[in-house]
**Student:** 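Below are the structure tokens for one structure; questions will follow.
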Amino acid sequence: MTADDARTLRTAADRLAELAARTTPGDWRVGGLLASRPEVIAHGADGGTEHVAEARAATAAWITALSPAVAAPLAAWLREAAGSGAPDRSAVALARVLLGRLPGG
């Protein structure tokens, strides 16, 4: 890995952490009464909830940063880690979080 690659990785990680800190906090889950119009609700550690749509100013950048465009390189990284023989612990941790949140299975 080059110094430029390392800098790119650190910068992306820093920006993601900064964005997460500005975004509506909590465990986001689909809820609502109508299946045809589900709502995304942030469940806070204190037991409170907030509709993510009502906090658009805090969530729009997060939603666009993690758009479907992120899926292909993220999936490629997880597959590469799986085939490495000694997967990076960060990749395994991310995979566990994703499996707990993604539909299917």
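Each residue takes its place number in the sequence, starting with 1.
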**Student:** Is it true that, when you exclude Glu80 itself, more than 12 heavy atoms of the residues, nucleotides or ligands shown sit nearer than 6.0 Å to its CD?
**Tutor:** no
**Student:** Ignoring hydrogens and angles, write down the donor-acceptor pairs under 3.5 Å from the side chains of residues 56-76, residues two or more places apart or on other chains.
**Tutor:**
from  : atom 1 : to    : atom 2 : distance (Å)
Arg56 : NH1    : Ala53 : O      : 3.4
Thr59 : OG1    : Ala55 : O      : 3.2
Thr64 : OG1    : Ala60 : O      : 3.1
Thr64 : OG1    : Ala61 : O      : 3.1
Ser67 : OG     : Ala69 : N      : 3.3

**Student:** Which atom names give the shortest non-hydrogen contact between Leu78 and Ala91, and what distance separates them?
**Tutor:**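 Heavy-atom minimum between the residues: CD2-O, 3.5 Å.
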**Student:** For Arg96, which residues count as a salt bridge (charged side-chain N to carboxylate O under 4.0 Å, His left out) partner, sequence neighbours excluded?
**Tutor:**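 For Arg96, no residue satisfies salt bridge (charged side-chain N to carboxylate O under 4.0 Å, His left out) once neighbours in sequence are set aside.
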**Student:** Can you name the nearest heavy-atom pair linking Thr24 to Ala42, along with the distance?
**Tutor:** CG2-CB, 3.8 Å
**Student:** Out of curiosity, Asp14 CG to Leu9 CG, how far, rounded to the nearest 0.5 Å?
**Tutor:** 11.0 Å
**Student:** Consider only side-chain heavy atoms of I, L, V, M, F, W and Y, link residues closer than 4.5 Å, and tell whether Leu16 and Trp28 are in one cluster.
**Tutor:**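 Linked, Leu16 and Trp28 end up in one cluster.
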